[in-house]
Amino acid sequence: MEGPLFSLDVLKFLLIGDSNVGKSCLLLRYVDDTFTPSFISTIGIDFKVKTIQLTNGKDVKLQIWDTAGQERFRTITSAYYRGAMGLIIVYDVTNRESFDHLPYWMEEVQANANRDPVKVMVGNKSDMIDKRIIGETQGRTYAQQRGYLFSETSAKSGKNVKELFCELAEKVYAKETKEYEKCQEETIALESSATKKENKSCC
């Protein structure tokens, strides 16, 4: 596994999931606080950057990549899994097919991610109560059984969108910091051991 990003000034997130589940709308709602009901498919890949302050006072930039859900773009977008510290798999709570496709996306994560990212499963369009097919309990249970965090959001109303990205940023930063500190401790231990061996050989 690659080492942590030592400065931790930039946290890379990746949005994945079927087409038309609201990935781009979530990104626009979070970064620009806007929503458009007209659907325009992402062509290949897109990204936005937002600077936030963590609860520890640290300022970090979130580099959030929005991927196309269509099959013809998947060979293009697979490369963007590399280096991702946070992965957001989105489904539409009103679309059974998008929920049934989650195993595919989880396999893509397993095959392409190289940093053991923090992973969260998101049920979007929670504002569409009359059209809901996938219940919150069903989604949460599914996520927990597979080691994913879970959230339900509405890009239209903004519900839980900011909380989703902020919580993910906090968890990613804590994880990367812990791994960096562990790496530093192991390096110091190795250097100390090597020094002792050198001193022993000189006597």
Side-chain angles (χ1 to χ4, degrees), residues 1-5 8 10-19 21-23 26-27 30 45 47 52 54-56 60 62-69 71 74 77-126 132-155 159-183 185-186:
M1 186 183 76
E2 291 185 0
L5 182 66
L8 285 177
V10 179
L11 306 183
K12 179 181 176 181
F13 294 171
L14 191 67
L15 282 158
I16 59 176
D18 280 8
S19 181
V21 295
K23 300 186 298 295
L26 282 172
L27 182 58
Y30 179 59
I45 198 91
F47 82 97
I52 67 169
L54 301 175
T55 53
N56 64 3
V60 295
L62 305 185
Q63 188 183 83
I64 309 169
W65 293 83
D66 175 24
T67 64
E71 189 172 352
R74 288 175 189 173
T77 60
S78 62
Y80 289 89
Y81 285 82
R82 293 186 61 83
M85 300 169 172
L87 275 165
I88 305 167
I89 299 183
V90 186
Y91 68 95
D92 175 353
V93 300
T94 72
N95 185 325
R96 165 65 64 178
E97 188 176 11
S98 71
F99 185 81
D100 291 341
H101 285 171
L102 289 173
Y104 166 81
W105 293 108
M106 291 179 177
E107 288 175 6
E108 285 289 287
V109 172
Q110 191 69 24
N112 296 296
N114 67 329
R115 294 189 64 95
D116 186 26
V118 178
K119 303 179 290 290
V120 57
M121 196 177 97
V122 176
N124 191 38
K125 304 187 184 181
S126 63
R132 176 190 282 271
I133 296 173
I134 308 301
E136 182 175 359
T137 300
Q138 182 181 0
R140 187 180 302 279
T141 300
Y142 189 93
Q144 290 175 345
Q145 289 174 344
R146 289 154 181 80
Y148 278 64
L149 301 172
F150 177 77
S151 179
E152 278 200 347
T153 59
S154 168
K159 183 179 179 181
N160 287 338
V161 176
K162 180 180 179 181
E163 291 82 355
L164 164 68
F165 286 98
C166 288
E167 181 182 1
L168 184 57
E170 294 283 354
K171 290 186 180 299
V172 166
Y173 187 87
K175 178 178 180 292
E176 292 288 325
T177 299
K178 185 177 180 180
E179 290 182 359
Y180 172 65
E181 290 173 348
K182 182 180 178 182
C183 180
E185 289 173 0
E186 290 174 352

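Because the structure is predicted, anything quoted here is derived from the model rather than measured.
The aromatic rings of Y91 and F99 sit perpendicular to each other, their planes meeting at more than 60°, with 30° as the lower class boundary.
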Apply side chain to side chain contact (heavy atoms under 4.5 Å, CB included) to M85 and V118, showing your working. CA-CA 6 Å; M85 300 169 172; V118 178; over 6 Å; no
Go through it in stages, so that I can follow the logic: the residues are S151 and F165, the test is side chain to side chain contact (heavy atoms under 4.5 Å, CB included), and I'd like the CA-CA distance, side-chain angles, deciding distance and then a yes or no. CA-CA 10 Å; S151 179; F165 286 98; over 6 Å; no
Test H101 against E97 for side chain to side chain contact (heavy atoms under 4.5 Å, CB included), laying out the working first. CA-CA 6 Å; H101 285 171; E97 188 176 11; 3.5 Å; yes
E136/F150 under side chain to side chain contact (heavy atoms under 4.5 Å, CB included): CA gap, chis, key distance, verdict: CA-CA 9 Å; E136 182 175 359; F150 177 77; 3.9 Å; yes
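The structure places CZ of F47 at 14.5 Å from OG1 of T67, a figure rounded to the nearest 0.5 Å. Here CG of L26 is found 10.0 Å from NZ of K125. Values are rounded to the nearest 0.5 Å. A distance of 10.5 Å separates CD in Q63 from CZ in F13, rounded to the nearest 0.5 Å. Rounding to the nearest 0.5 angstrom, the gap separating the CZ atom in R146 from the OG1 atom in T141 is 10.0 Å. Here the CG atom belonging to N112 is positioned 9.5 Å from the CG atom belonging to L14, to the nearest 0.5 angstrom. To the nearest 0.5 Å, atoms CH2 (W105) and CG (D18) are separated by 6.0 Å.
Looking at K23, its side chain never comes within 3.5 Å of a backbone N or O of I88 through a donor-acceptor pair. A donor-acceptor pair is defined here as one N or O able to donate and one able to accept, closer than 3.5 Å; no such pair exists between the side chain of D66 and the backbone of L15. Checking side-chain atoms of K12 against main-chain N and O of Y80 turns up a donor-acceptor pair under 3.5 Å. A distance-only check finds a donor-acceptor pair linking the side chain of N114 to the backbone of G83 [under 3.5 Å].
Exactly one residue among V122, V109, V120 makes a side chain to side chain contact (heavy atoms under 4.5 Å, CB included) with I89. That residue is V109. Residue L11 forms a side chain to side chain contact (heavy atoms under 4.5 Å, CB included) with just one option from I52, L62, L168, and that option is L62. Tested against V21 for a side chain to side chain contact (heavy atoms under 4.5 Å, CB included), the candidates D92, V93, N124 yield a single pass: D92.
Residues Y173 and N56 are in side-chain contact: their nearest non-hydrogen atoms beyond the backbone lie under 4.5 Å apart. Between K119 and M106 the shortest side-chain heavy-atom distance does not fall below 4.5 Å.
Salt-bridge formation is not detected for the pair E179/R115: no Lys NZ or Arg NE/NH1/NH2 atom is positioned less than 4.0 Å from an Asp or Glu carboxylate oxygen.
Nearest heavy atoms, L149 versus A143: O-CB, 3.8 Å. Taking every heavy atom of both residues into account, G135 and E152 meet most closely at C-OE2, 4.1 Å. Closest non-hydrogen pair, Y142 versus M121, comes out as CD2-SD, 3.6 Å.
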